[in-house]
Every structure is written in structure tokens, then in C-alpha cells.
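The chains referred to below are lettered A, B, ... by the order of the sequence lines, with proteins before strands, and numbering in each begins at 1.
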Number of protein chains: 4
Amino acid sequence: MHLEPTVKPKNKNIGRLVVKCSDKPGIVSAISHFLYKHNANIIESSQYSSDPEGGTFFIRIEFHLNDLINKRKTVEDNFAPLVAKFAMEHYFSYGDQIKRSAIFVSKETHCLLELLWEWQSGDLETDIALVISNHETARSTVESLGIPFYYIPANKDIRAEVEAKQIELMKEHKIDLLILARYMQILTPHFVSEFPNKIINIHHSFLPAFIGANPYERAFERGVKLIGATSHYVTNDLDEGPIIEQDIERVDHRDAVVDLKKTGQQVERRVLAKAVKWHLQDRIIVKNNTTIVFQ
Amino acid sequence: MHLEPTVKPKNKNIGRLVVKCSDKPGIVSAISHFLYKHNANIIESSQYSSDPEGGTFFIRIEFHLNDLINKRKTVEDNFAPLVAKFAMEHYFSYGDQIKRSAIFVSKETHCLLELLWEWQSGDLETDIALVISNHETARSTVESLGIPFYYIPANKDIRAEVEAKQIELMKEHKIDLLILARYMQILTPHFVSEFPNKIINIHHSFLPAFIGANPYERAFERGVKLIGATSHYVTNDLDEGPIIEQDIERVDHRDAVVDLKKTGQQVERRVLAKAVKWHLQDRIIVKNNTTIVFQ
Amino acid sequence: MHLEPTVKPKNKNIGRLVVKCSDKPGIVSAISHFLYKHNANIIESSQYSSDPEGGTFFIRIEFHLNDLINKRKTVEDNFAPLVAKFAMEHYFSYGDQIKRSAIFVSKETHCLLELLWEWQSGDLETDIALVISNHETARSTVESLGIPFYYIPANKDIRAEVEAKQIELMKEHKIDLLILARYMQILTPHFVSEFPNKIINIHHSFLPAFIGANPYERAFERGVKLIGATSHYVTNDLDEGPIIEQDIERVDHRDAVVDLKKTGQQVERRVLAKAVKWHLQDRIIVKNNTTIVFQ
Amino acid sequence: MHLEPTVKPKNKNIGRLVVKCSDKPGIVSAISHFLYKHNANIIESSQYSSDPEGGTFFIRIEFHLNDLINKRKTVEDNFAPLVAKFAMEHYFSYGDQIKRSAIFVSKETHCLLELLWEWQSGDLETDIALVISNHETARSTVESLGIPFYYIPANKDIRAEVEAKQIELMKEHKIDLLILARYMQILTPHFVSEFPNKIINIHHSFLPAFIGANPYERAFERGVKLIGATSHYVTNDLDEGPIIEQDIERVDHRDAVVDLKKTGQQVERRVLAKAVKWHLQDRIIVKNNTTIVFQ
């Protein structure tokens, strides 16, 4: 299997600027003028204001700038006055600084396989630094792609040690994004607080329906006609973090619980893959308990 | 506007047989042999067994039989031994006996308009005997189609009198199906018990998400990415009756509550229309709190 | 039926600027600076460049400006130098200048009814100035809403006179948009050339499949599993104008031609309604034989 | 990676009977009585008649019969009189006789990977006997699952030898189903005639749109808003065989040809996987140039 190089040449001079601030006249003008002055060409720009008057303003700009690697410090420094003037929260990211991901998985590998497939196709702009699992199921698949696989058995009695080990690996591998690809262990508030808005989970229901355990069994009992899945950032309210993406498939009375589950897996893998892709492209901004997704 | 005649000639000799009983070998053989002996030609047959062994068996057969109007008594009488042998719950229905519907509506008329449109197109096999509303909004539209419109103001203080009046109208008009097309009043258990599995409601969410009041406001707060609607039979557990149909439309962060509502209305009207159509064609069987829909 | 006032107060001070020009650095900066200087607040902005280098640039900006009615001349005059500098094609439109629509329809009224429903709900920002039909079918529905209805019989032998009459009515009523809501007559190149990118048609197939006559019959013969519809601007290449929107519904082997047609009608009406809504909101830009739709 | 055993115990006593004949009264009665007499329990039954009067009748019955392996000869022999009486085309298939598949693939492996994933999950009831490719791309993936991989370079000059080799391998491996999972070589009429209704292809468009080469380029030129894929049986009319399944995904003006292609691949893999699954479950009957799919 031929693997994509992690940085595509076409991404080398691509930068992104993501800004959030109180909405005031002149922000777009100021930012676009700034980029123009620095010879950056805007490739894509998306903005949203939560309210025409007095709301919060969000913008994501993707730009091209020759020799970006040598100019980025200047650009960032020169942008500081605007940050101050508009009291912006902001960040720059760069096409040659590939985000590093970790994937956590348990026994069901459908979401992991989907991510690996997208990654092999060159559609996920990330280095998959490692996969951690509380089962050995996925080892051969992962290692055959040259990705380190860590088997860390887990249960609630040893949660503290397990999480300590995981956090250590995250830091050692300088992880930017943690993907829970059907990892069936609860994460403690301590763990979650280490990676704010950096953990993406896939929940096997159309949230907020069937929050909690056994969603497919409960969906079957309730006689629903659609099965959904939800990808969301993980917060300390279990199953309650900001929703990134949702989708559904149709089912009917002939479907037993096992069929709902199989159908659900199809939805899960595409809903998780989309969320991961958008995160890697800096397309998601969290606002309270919701997300703005600049597709 | 040209109205369809209520009985289409092609439906005159069409009968339907719907059966529910414990699954045992020989049921299909016995029923199909029975129809064959009576010269009935099976046009469509759908069956479902809840379990290969020891489950409940459901079948819906649509058949053609010449001169059905004069033969139906014989057919029904002769079927009695099979009913006894297999301990069937069953019913026959006939293409020339059009079901009579009542529609309840409040101020929002989108679901009512959709039903009237489908009915005018000849797609709903029903006589719409009357429309009842606690507002005058829909009067002119309804009356322009020659359908009686009853304005019955309603609120929780006069619920008993209102429902008495409504029940009286239902009986007077010999109503077979009551459609709640966005009727924003609670029905008492007494009212509901008068029409078991004969009241179809449209709920403005993807049940069981957002049960209860203000679903669009709550969907907005939760930041969902899909807006759904659910049509269901009404039972005394509010928002908890057997689900008939569900569907969704995609929304995003730019949609305010009012946009979610508009999107939701599009889903509501098609989800309600489908449920009504299937009910009128005897395609729905209630099983516990779920439905079997033989599409 | 209560009708919406044609100009909503909230739209009074809303303006839109739509621009197309060769892509060069500084355009966004120049436009946003211009609006800022004139105290206009950008509510929504969408842009697209056909190529990062040397492509064509498109932008649609929706802005709010107090007392817009008295300022618009100044704004337009002051914008002229930018138009010259970047060799822009552009236009401004204003929330208080409601576009005027004509609807052409034949015997099938499902698309017309959908448009009227959306319009009554206040979702189509237009004055429906008149409906023209070569049949009397829709008269009572149209007139009951206070919209003038013109019955103009049509066939290929009298095409010239018919079109002359229609063009005269279009001009008399100052029509901005002509909607072919299942108008089953061919329009001549002469007629079409009078209204470039101002005629929207609904084609009853998923173009380019089943171009031409009897698409449902041919879809049935071909055994397709999806039925589609396409809304597009009308050009002199029949069924070949720029596509605005497409959608589909699932069908199966049980569906006869008449069922495909009924399913198709459901798709047609929502696909046409979306195209009309986007046109009225100045969201569509034609580029060669395709459209850019800033949803 | 843990592989499913090829015959699941639960399928051991499962049989299927598929019948096609002229529609006459008494067929369902005769077949169901026959199965009842032989102690077979009907698990699932689907039927379709192309016309209420004088049409063709199709039925697929799935049944359970204890000790089926020893009884099947008797069942088949005893069924012969019914076959004669109703002039049936028919076949029986058995849960313990797993169909044997071959997969042909070129350089793009997304469809192959999907099939392998479904197969590993136990969702494709088949033995994948071999994979043949005109490229080496897929070798390591295929061989890591223990499936023989044959590299057979191909081009139009050596078509005869290549096909001779392929046919020999098909026969040697006793192949029941040949899956073209993006195999970019034309098959000759001679080859196709060896496997009537046993070759499933995935075509990268919503047929009949964009028949022939470069569909994504042409879809881009035409400005379509949906990208589709079609799985179909291969006949000697290229791109014209009976359609099994179709689906679409939404695209917009921002999508370049490469994006249409990536979106299309997502559709292709699920549309092909569904067709293969249905074929393996004997759910598809070809009727002229269309399919009946008993889902």
C-alpha cells in the first residue's frame, strides 16, 4: 500500500487564520487589508455573526503566501495590533505543520478502518502518531501500515494508571487531536481537561436521543424509523459536548437490534471521518456548547 | 379546482385482509389456499414474523375479486374457521368503503395544506368529512374545497366541553381517522381512549429527542445538525405513541430558531402525509409500542 | 388566508452587492473597506474563486445600512471607481425593492401550489404579479389569492402571437423573474432572449439523464432506482441551461410509470421552490453553463 | 484480523426458493402448501407481479427446514410437478453452499477495500476465492487476508490472451459471482457471455447520465449538483445492463473534478457493496433490462 507524503507540496505556502471577537464594523476590512498588505492571496473565506447587532463574529480565512515559512513570524507579529484593537481570540495554522493524531479504539474497528482508509487516500491531513487500544483486535491492521500500536488494558479499577500512561504517550508524541473511534471506556474529567476541544468522539445515536448506554437496544424498543450517529467534542458532560456532525440511515420493523447496529456502524464511520477532516482543516469553532463548521 | 371522485373505479373490486396471530407452520398456505378457492387474485402480499421460532406473525394481503360487493359476506363468513384455528386477530377492508377523516388544526396550516393538496391530487383515499380548529385561520381554504369547517375555541379551562363537542362531531360524521395536523391542544386520556390507534399526530422533532415543549428552541440550544419530525399514533403517554414515520433535513450554525422551524415544517408535512397515506391503505399494524409498516 | 406584506420591515435597510471580476489581490480588502467607510455592516459574505491563480472572482455581500433608501445613490456613485479599477461586473439590490414574478403553468399544478404556499408563508420575497396558463385548471386557486390569472391558449401553430401577448404582459407588469412551473410549451429563442438568466424551469429528470420528452416513461424502461428533478435557467439549448438545483427520491421495481411521476412531482416542487428562493435572494451567479449558488 | 467462518451455523438449515412464471391464480397457494407439507417454515417471502392481469409473477421465499442437507434432494424432486404445472423458471439455494466470488480491480482500491471490510465483518456471505488485477497496487492488502492475488497485465492488444487466462481462473476456482470493483478494462462479448447475470459492475455516474468515459469531467462541465453511482449487471451493451442500485451525494460549485471524484468514490463503494450483498442473498431477479430487488 502506497502512503501519501504527509505534506503535500501544494499546501506548503497555505496559511489559515481563525478569529473570534465581538462583532464591530470594520473587522473584515481590517483583516483583508492586513492580508493584502502582506501579499497574501485569500483563497477561501467564511464568516458568521451570531447576531446582526452586538453578536460575536467568527471568521476563517485560508490564504496563499509565497515563502510562507520565512514570513510567518513577521505576519504574526504585525497582526498583534489588530488582535489588541478588536480583542480577538485567534490562531494561525500552516499547511506544512501537519497536526498529529492519536486514535483510541476498543474491539469494533469499523471507525478506525474508515479513518485509515481516508488517511491512506490522502484525505486526512494528519500524521497518525499512534493507536491505543484496550484490545489486541486492531494490532495487525495498524502495524501493517507502520503506525505504532499500544495495547493498554483498561477497566474502571485501574483507570488512574491507564490514563496516566495514555497522557504520557500523548505528550511524548506531541498529539494535537485525540480521536475516540469507538473507545468504550469512560474518560475522567482530569483526562478530558488535558485536551480541551481536542478530543472527538463518535456517539452511536442521533443525540440527544438515546443518551447513555445501549442506544441500539433502546432505539429498537422505541421503534424508531431512522438510526443516527453524532460526532462531538468531548467535555465533562458525558454525551453532551458540542455536536460537530450528525447523520442518519433509514431502518424498518424488520431490523433486529443487530441490524440497527450494523446500519449504525455505516453512519458512525462517515460521521466521525467528516468531523476529523473538518477539525484538521481548522473548520470548526466551538461556541458555547455548539459548533460553527465552515464547510 | 377539480376534485377526484372518492371511489376510483379501479378500487371497486379490491379487498384487503390484515392478520395477526401466533406464528405457526401453515398459515400462509391456509390463507392463500382460502383466497384461491374463492377466486381472489393476490395483488400484493407482505408478511413479517417477529421471530423465526415462537414469534408473532403479521400479514397484509391485497386481492382482486370480481363482484366483491356481493361476495364479501360469504368470504368473511367462510374465513371464520381459519380465524378460529389460528386464533387470529384480523380485519377485511374494501376499496369501495372509503375511510372518513377529520383533521384538527391550530394556527399553522402547512400540514393541513399538504394533506389537502395530496387529497386533491387523488393520493389520499379518504373522505375528509370535516376540519376542526381552535382558530379561524384555515376557514377560507377549507371551505373553498367544500369541506365543513368547525371553529371550536379551546383552552385548558373548557377542555371537557370542547372534547365533548368534538367527540359528538366525530360520531356524527362517522370518523375512522383523526389527524392532528399541528393541533396545539392536549387531548385528555378520555378523548384518546375513544379512538385507539385512530389518531395520528405529527411531532416536531426526531423522537425521542426533544420530547415536550419548544423542541426547536431546544434543538437550537443543543446545536444539532439535523432537524427531524415524527408521525405517530396518539396514546396516553404524551409524545410516546407508536412511531409511524420519521425524517430529517440538514441545518447548520447559520440557522436561527425561526429557520429551524421553517425547515422543520417541510419535514413535518411530508412525514405526516406519509403516515396518513399508509394508514388509509391499511399498511400499518401496531405491535406493542412500535409499528409494522408494509410499504 | 392572511397574506404577508411584501416588504418586511426588517428588510428595509438591507442591501446586497454581487460582484464578478478577474481575481486579483486586494479585491476583498477594497470592497470591505468601501462598505466600512460608508457605515454599512456586513451581515453575510460569500466568495468563490474559480482558480487560486488567474481565475474569476465572485462575491455576494449582504449588508445593513441605516436610512439606506436615501443613501443608495451615494453608495452606488462612490462605488464606481472600484468597478473601474477591477473591471467588475456588479449589481446592487435592495430589500425594499421586491422582485416581481410571473408564473407560467399548464395543467399540472403541484409546482404552482408549492410556490403559492411558500409565498403565503412569507418565504418567497417576491410579488407574484400574474399567472399565465394555457389551461383554466389553476384559475380559481390563483384568483382566490388575489393574483391576476391570464388564460392564453397555446399550440405550435399560434406560437408567435401567444409569445407576443406574453411578452407584452411581462413588460406591462415589469416582471423580473419568470417561473416555468410545469409549463408544457416550447419557448422560442426570441422569447428566451428577452429574459436572459431570468427564466427558471423545472425539468422532470435528473439532468442530463432523460433529456427530452417522456422522462418518466424512459426512466421506467431503464429501471432506474432514483427519480430526480432539476431546476435550471432557460437558454436556447433546450434542457441544457445552467443547473441551479437537483434532488432525487428513491423508487423501486414496484413503481409503475404513474408512481414514478407522483414521486417525481414531490421532487419537482421542492427543487423548483429552492431555485426560485435563491434567485430572489440574489444567491445565484451564472458562470458559463453552470451556476454558483451562495447558500 | 479475525475472519468469519464462511458458513454461519444459523444458516445451515436455511433454503431459498426463487420463482418466475406467468401470473395465474393459485401459485402462492400451491408453493406455500408445498413447503408446509414438507415441514419447511417460511421466514421471509417477497412477491411481485408485473401486472394484476396477465403479468409475470416473481417470488422469493426464505425457509427453515431441519436437516435440510439430507432433505434437499427430496424437496427438489417433489417440486418438479409444480414447476411443470406453472411453467416456472426457478432455483433453490442453500445457506451452507456459500457462493464463490472473484474481484477484478485496477489501481483504485476504494471499492475493493469496502468489499473486504464488509466481508471481514461477516456481512458478505461469500468466499472470496481470488482477486485479479492489472496492477500490483492491491496485492499486499489482499494477500494479508489470505486471499490469492493474481497480477495479469492487460491492454487492448492482448485482450484475448488475458481473458482466456481470466476465464480459466474463474472455472478453476468455480466462481459464482464476478465483481468489477473499478476494473478499468473493457470485457469482450465473449467474456461477458460466459457469465450471464453473474458480473456486477460499478459505474461512476448516475446512469443513464454520463454514459461512457470521463463522467466526472463531464459532470463538472455540466455543473451538476449531485454526484451518483450505479451498480449493474454487465451485458454486452456497455454501461447499459440492468441497474441494481443507485445513490447520490450532494456537491456544489466549489468542487473541482478531483472533489467530484472523491465524493463519487464514497457513493461507489456503498452502491457496489449493496448490490453484491443482495446478489449473494438471491434477492435480485433480472426482468428484461431491469431488476427486481426483494430487499
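Aromatic ring centres of D:H253 and C:F58 lie farther apart than the 6.0 Å criterion allows. Ring pair C:F86/C:F57: centre-to-centre distance not below 6.0 Å.
Looking at every heavy atom in both residues, D:V28 comes nearest to D:S32 through O-OG, 2.6 Å. Taking every heavy atom of both residues into account, C:L280 and C:S101 meet most closely at CD2-OG, 4.2 Å. The shortest heavy-atom contact between D:F63 and D:R16 is CE2-N, 3.9 Å. Summarising the geometry of C:T126 relative to C:W119, their closest heavy-atom pair is O-NE1, 3.1 Å, with the distance given to 0.1 Å. Considering every non-hydrogen atom in both C:L115 and C:L124, the closest pair reads O-CD1, 3.6 Å. Across all their heavy atoms, C:A181 and C:V105 have their closest contact at O-CG2, 3.4 Å.
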Report task. Decide side-chain contact (heavy atoms from CB on, under 4.5 Å) for C:E108 and C:K261; before the verdict, give the C-alpha distance in whole Å, the side-chain angles of both, and the deciding distance to 0.1 Å. Result -> CA-CA 11 Å; C:E108 292 180 14; C:K261 196 170 164 178; 3.2 Å; yes
Report task. For C:I31 and C:F34, run side-chain contact (heavy atoms from CB on, under 4.5 Å): C-alpha distance rounded to whole Å, both residues' side-chain angles, the deciding distance at 0.1 Å, then the answer. Result -> CA-CA 5 Å; C:I31 296 176; C:F34 171 86; 5.5 Å; no
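Residues of residues 266-274 of chain D lying under 4.5 angstrom from chain C, judged on non-hydrogen atoms, do not exist. Proximity to chain C among residues 209-235 of chain D is limited to D:A209, D:F210, D:F220, D:E221, D:R222, D:G223, D:V224, D:K225, D:L226, judged by heavy-atom separations below 4.5 angstrom. Scanning residues 283-295 of chain D against chain C with a 4.5 Å non-hydrogen threshold yields D:N289, D:T290, D:T291, D:I292, D:V293, D:F294, sorted by number.
Between D:F191 and D:L178 there is a side-chain heavy-atom pair separated by less than 4.5 Å. Using a 4.5 Å heavy-atom cutoff, the side chains of D:I61 and D:I59 are in contact.
Most heavy-atom pairs under 4.5 Å with chain C: of the set D:S49, D:A256, D:P208, this distinction falls to D:P208. The greatest number of non-hydrogen atom pairs below 4.5 Å with chain D, out of C:G241, C:S205, C:S50, is found for C:G241.
Residues passing the salt bridge (charged side-chain N to carboxylate O under 4.0 Å, His left out) test with D:K198, sequence neighbours excluded: none.
Under a 4.0 Å N-O distance rule, the pair D:R60/D:E44 qualifies as a salt bridge.
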